[in-house]
There are 2 protein chains.
Amino acid sequence: MLQLATSRPSVAPDAGRCADCEVRASAICGSLDAIGLEELGRMGRKVHLRPGQTLLWEGDESVLVGNVLEGMLKLSTVTGDGREQIVGIVFPSDFIGRPFGKDSHHSVTALTEARVCVFRRGAFDGFADSHAGIEAALLRRTLDELDRARRWMLLLGRMSATERVASLLLEMIDRLGGAPGKPLSLPLSRQQMADLLGLAIETVSRTMTRFEREGLITLPGGRRLVLRDRAGLERIATG
Amino acid sequence: MLQLATSRPSVAPDAGRCADCEVRASAICGSLDAIGLEELGRMGRKVHLRPGQTLLWEGDESVLVGNVLEGMLKLSTVTGDGREQIVGIVFPSDFIGRPFGKDSHHSVTALTEARVCVFRRGAFDGFADSHAGIEAALLRRTLDELDRARRWMLLLGRMSATERVASLLLEMIDRLGGAPGKPLSLPLSRQQMADLLGLAIETVSRTMTRFEREGLITLPGGRRLVLRDRAGLERIATG
DNA sequence: CGGTTCCTTGAGATTAATCAAAGAATGTGG
DNA sequence: CCACATTCTTTGATTAATCTCAAGGAACCG
């Protein structure tokens with residue numbers, strides 16, 4: 001919950017080899033031609049983050065934006081007295097940071113080892129303004145993100161603890177390619193699941209063991225999960 | 001909570017007089033030149049909605065998008081068994097509907113008398129793609145909307161009923177130009193406040209009367225509100 | 001004025017949070 | 001590879017917050 005002081009993210013010197021970037025096709029850069037890509041490449045640098053390291057802090061001036069190359073990161077906000085809410089999880093090819101805005105409304109923190117391709121916000125804003133394709137791609141992404149955020153608002157505002165946990169498990173299984181019987185390694189700690197679901201950690205834990213007792217899942221320990229009864233989970237998640 | 005069947009929205013014949021549109025400067029159309037504006041004008045029509053009328057239904061195909069000209073509308077989703085969550089409130093010059101997407105993830109319903117300038121979604125998508133300024137303006141708006149949605153996620157996930165109601169009152173006071181001592185007419189019913197805050201209607205009601213007992217506000221009846229102690233409310237809202 | 005809808009209030013049930021402590025899992029240095 | 005420290009997870013008991021159910025009062029609408 002509490003963000004410990006973290007060491008400085010390490011910056012790789014070999015910045016802008018965009019042409020053979022692993023997310024070239026799916027990230028917003030996919031909209032650029034060779035010339036634009038070359039120009040953008042000169043502006044960016046690659047940053048490596050260890051789990052727990054924070055790239056952007058809530059409330060700070062919005063200085064960086066970028067694309068996730070590898071790993072998962074959380075976007076989170078905190079109340080005055082330290083209660084945390086995770087407001088989004090990002091995956092490779094997702095965009096992070098707040099372009100066209102003075103400050104960052106949430107922190108961005110690595111959940112796993114992660115690599116991110118970052119740009120100075122001001123430079124990126126200018127570049128985007130002269131490359132309509134980037135803005136168009138970013139618009140589509142942002143609209144999707146907004147849909148997701150609003151769906152999550154329904155979960156946070158109107159669903160019971162049981163429904164919330166079932167929804168999250170299904171979402172993780174889908175996003176991480178889980179299948180019945182196949183063990184899946186959860187990328188989130190119980191506390192992070194709680195912070196995402198707006199619940200206490202104990203409630204998440206209890207709900208998961210109840211699901212196990214009811215034969216919906218198996219928990220072989222060590223943050224691993226086996227799906228047993230997808231239809232059952234779906235019935236619960238739907239309310 | 002339950003959406004009653006509503007009559008068909010009435011469509012005004014005098015569609016496209018964009019040049020003297022009341023939200024011309026602040027809506028996304030502000031980015032267009034005279035020619036683009038003329039072209040867009042031919043595509044749009046104006047729709048009048050009475051309070052409670054729904055323009056777009058959750059789950060339906062995304063057929064319409066548009067700008068709010070006058071009034072307030074709510075964006076809402078519903079669980080399988082009918083629990084409602086309001087995921088956004090829109091005001092004049094705000095954009096509504098889901099461009100570049102197959103279906104609409106939430107309903108759009110008038111809270112007050114409202115007028116909206118609407119476009120067929122497909123036609124708008126095409127227009128936007130050939131007018132970068134529109135996409136740029138829409139992107140900025142969508143980013144702001146996403147920030148708001150995420151801030152609300154913190155409220156829904158981590159704040160107490162008391163904090164939620166205080167936050168909402170402050171937001172309404174600010175958005176509607178309230179000031180200490182000046183009576184303000186709330187545009188939301190208690191049920192709608194509850195649906196926005198993820199609370200039961202009784203909890204909202206009780207919290208408001210408690211705020212009145214504590215001298216933070218006065219409730220002269222009839223959905224009217226007088227602010228008495230802004231600092232007090234802010235102290236509560238912050239947590 | 002009578003009907004309808006909206007709002008408030010009370011009592012009791014229920015859910016989830018909190019407090020507390022024991023039990024895994026993970027990592028570290030010997 | 002093991003013993004120990006640390007962190008994460010589970011479980012239990014209790015408390016607190018909010019919801020639900022129920023009913024009376026206020027506002028609003030022909």
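Chain naming here is simple, since letters A, B, ... match the order of the sequence lines and numbering starts at 1 in each. Nothing here was measured: the structure is a model prediction, and the numbers come from that model. In what follows, every heavy atom counts, from backbone to side chain, and hydrogens, waters and symmetry copies are set aside.
- Under the rule for a side chain to side chain donor-acceptor pair (under 3.5 Å), the partners of B:D81 that lie at least two apart in sequence or sit in another chain are B:T79, B:R83.
- Applying the side chain to side chain contact (heavy atoms under 4.5 Å, CB included) criterion to A:P99, with sequence neighbours excluded, gives A:V65, A:F95, A:F124, A:D125, A:L138, B:L143.
- Residues satisfying the side chain to side chain contact (heavy atoms under 4.5 Å, CB included) criterion with B:R206, sequence neighbours excluded, are B:E202.
- Side chains of B:Q53 and B:H48: a donor-acceptor N/O pair is absent below 3.5 angstrom, by distance only.
- With sequence neighbours excluded, the residues satisfying side chain to side chain contact (heavy atoms under 4.5 Å, CB included) with B:D60 are B:W57.
- Axis deviation across the helix from C:dC1-D:dG30 to C:dG30-D:dC1 amounts to 50°, comparing end segments of five pairs, rounded to 10 degrees.
- For the segment residues 160-170 of chain A, residues with any heavy atom less than 4.0 angstrom from an atom of DNA chain C are, sorted by number, A:S160, A:A161.
- For the residue pair A:R210 and A:T162, a side-chain donor N or O sits within less than 3.5 Å of a side-chain acceptor on the partner.
- Here chain B contacts DNA chain C (any atom closer than 4.0 Å to a heavy atom, that is under 4.0 Å), and the contacts span C:dC6 to C:dA11 from 5' to 3'.
- For B:E61, there are no side chain to side chain donor-acceptor pair (under 3.5 Å) partners at least two apart in sequence or on another chain.
- For the pair B:R158 CZ and D:dA17 C1', the computed distance is 15 Å after rounding to whole Å.
- One finds no salt bridge joining A:D195 and A:R190 here, because no Lys/Arg side-chain nitrogen approaches an Asp/Glu carboxylate oxygen to under 4.0 Å.
- Checked against side chain to side chain donor-acceptor pair (under 3.5 Å), B:D103 has no partners two or more places apart in sequence or in another chain.
- One interatomic measurement links the two molecules: CD of A:Q192 to P of D:dT7, which rounds to 15 Å at whole-angstrom precision.
- In this structure, the CG atom of B:D195 is 14 Å from the C1' atom of D:dC19, given to the nearest Å.
- Near DNA chain C, meaning a heavy atom under 4.0 Å away, the residues from residues 200-215 of chain B are B:E202, B:S205, B:R206, B:T209.
- Residues B:R224 and B:L219 have side chains not in contact (no heavy-atom distance under 4.5 Å, counting atoms from C-beta outward).
- Between A:T77 and B:R158, the side chains place no donor N or O within less than 3.5 Å of an acceptor N or O (distance only, hydrogens not considered).
- Every residue meeting the side chain to side chain contact (heavy atoms under 4.5 Å, CB included) condition with A:R223, not counting sequence neighbours, appears here in chain and number order: A:L186, A:S189.
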Donor-acceptor pairs under 3.5 Å, side chain of residues 173-181 of chain A to any protein atom, not counting sequence neighbours: which ones?
from: A:D174; atom 1: OD1; to: A:R230; atom 2: NH2; distance (Å): 2.2
from: A:D174; atom 1: OD2; to: A:R230; atom 2: NH2; distance (Å): 3.4

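- Rounded to whole Å, the distance from CZ on A:R190 to C1' on D:dT11 is 13 Å.
- In this structure, A:G221 and A:M159 both approach DNA chain C, and ranking their closest nucleotides by distance from the 5' end singles out A:M159.
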